[in-house]
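All of these numbers come straight from a predicted model, not from anything done at the bench. Keep in mind that the numbers below use all heavy atoms, side chains included, and drop hydrogens, waters and symmetry copies. Note that ligands are numbered from 1 as they come in the structure, with each ligand's atoms numbered from 1 the same way.
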Amino acid sequence: MKIQAVRGFKDWLPEDFAKYNYLINLAKSWIKKYNFKEIKLPILEKTELFIRSVGEVTDIVQEETYTFQDRNKDFLTLRPEATAGICRAVIEHGLYVKPKPLKFFTIGPMFRRERPQKGRYRQFYQIDVEMFGSVHALADAELIYMLDTILKKLKVSAYELHLNSLGCKNCREPFKEALKGFLEDKHTQLCADCQRRRTLNPLRVFDCKKEQCKTVLKDAPLITDYLCEKCKEHFSQLKGYLKELNITYILDPYLVRGLDYYTRTIFEVIIPGIGAQSAVAGGGRYDNLVEMLGGKPTPAIGFAIGMDRLLPCVPEPKERERPFFLALLGEEAVKEGLKWAKILRTNGIWTEIDYRLGSLKSQLNRANHLNALLVLIIGEDEIKQRRAILRNMDTKKQIEVPLNPEESLTIIKQQLRGE
Ligand code: AMP
């Protein structure tokens, strides 16, 4: 029987990488302009980390993590998100003693055992950005502006930025009580999942996509009506900065996000029309998480871009490098070609040789197949006359160049630039 990939786990093939690298490089170039530093963390962490951070009564921890006991009987979990691991590392390495804000980003796979569907995988990739040490709304504005800029530069069209504030502990508790009271009367109208969530973690009810629950929630109390003075001030300051930065956003008092650790600002980027899984990025503030995990009180904010979902919405990048092809006829030409290949590649030129060394026609076919812009033809005559033929595959024009890579490099580079 053929062995296939595990359900929800997909292969990335070479053709997927033009857009993948374009996205990563563009995102990195902007992230670095804000002085975020790259880090890499293990994909496996102690299960307790996610129970204490993401929350024991969240869908992610209750149903979606890949958790197992290893041979020492330790409970381990494949990370479902990156923030908890970054906090763990900040605490473990005592990084919060460094000048703040601390800014990190990481790119890598996350794992959630959700039901696979279009845009939802069990292994998916995120670009994750986190900032520690600033409580000011300016940090929130800068981060949101950076995310918005990346999406604009990628030419992602028709996305919506949803924004809400979840307040702090002080405003959340009275709100939770009010919501619990409201949902109690509506218990029978809720779906089975939300009936369970209602008592354990009532905020999660806002995450439900079922129409029956959405209808119930239309009259529900909203967190924004429960914000304390400080949280209200923080939120209105942020909105002021976003206005200053000309960022269009939708105030969405129903937005809660699927993790427990958020405080104050939360946001999500949605692209309507790409299917049921339309959130391509999301993030928020988590001012208590570092302390909850045993570190010093350190306010923080971050976001994650879901690469698997965003990539299909990114237009194909225009600039595609095209190879230089060496068509070599005869053993002497092969030896000459090796010299050329070495020098061309040293000069940063992508150079191809067809190792089958067939007829000129078949080598030109191969060059066409590779979308080569230039072909250098070297045969017996060319070796004798110390001249080679440079063929432009687009214009079909051929010129003679000296059979000396150093001497011909300038003209080759000019032609590759389209001059
Ligand atoms: P979250 O932390 O759940 O808000 O995730 C941040 C982003 O990661 C989302 O907006 C999605 O784009 C992406 N994402 C989350 N879960 C999945 C999944 N199962 N498959 C693909 N992308 C995902």
Fill in: Aromatic ring pairing Trp12/Tyr20, orientation class (parallel under 30°, perpendicular over 60°, tilted between)
perpendicular

Response to the item:
Under 4.0 Å from one or more heavy atoms of Ala279, ligand 1 contributes atoms 9 (C), 10 (O), 11 (C), 12 (O)

Worksheet item: Arg112 to ligand 1: N or O pair under 3.5 Å?
Response: yes

Worksheet entry | Short N or O distance, Ile305 and ligand 1, threshold 3.5 Å exclusive | no

Response to the item:
Contacts of Ser278 meeting side-chain contact (heavy atoms from CB on, under 4.5 Å) (sequence neighbours excluded), chain-then-number -> Ile270, Ile274

Worksheet entry | side-chain contact (heavy atoms from CB on, under 4.5 Å) partners of Ala141, counting only residues at least two apart | Leu238, Tyr241, Leu242, Leu245

Practice prompt. Examine Arg120 against ligand 1 and note whether any of their N/O atoms are separated by less than 3.5 Å.
Written response: no

Item to complete: Please could you name the atoms of ligand 1 that Ala281 approaches to less than 4.0 Å, counting only its heavy atoms?
Response: 10 (O)

Practice prompt. Compute both the distance and the angle, then confirm whether Lys186 meets the cation-pi test with Phe182: under 6.0 Å from the six-membered ring centre, within 45 degrees of the axis.
Written response: yes

Discussion item. For the residue pair Tyr125 / Gln123, report whether a side-chain donor-acceptor contact shorter than 3.5 Å exists.
Written reply: yes

Worksheet entry | ligand 1 contact by Gly119, heavy-atom criterion under 4.0 angstrom | yes

Fill in: Residue-ligand contact Gln126/ligand 1, heavy atom below 4.0 Å
yes

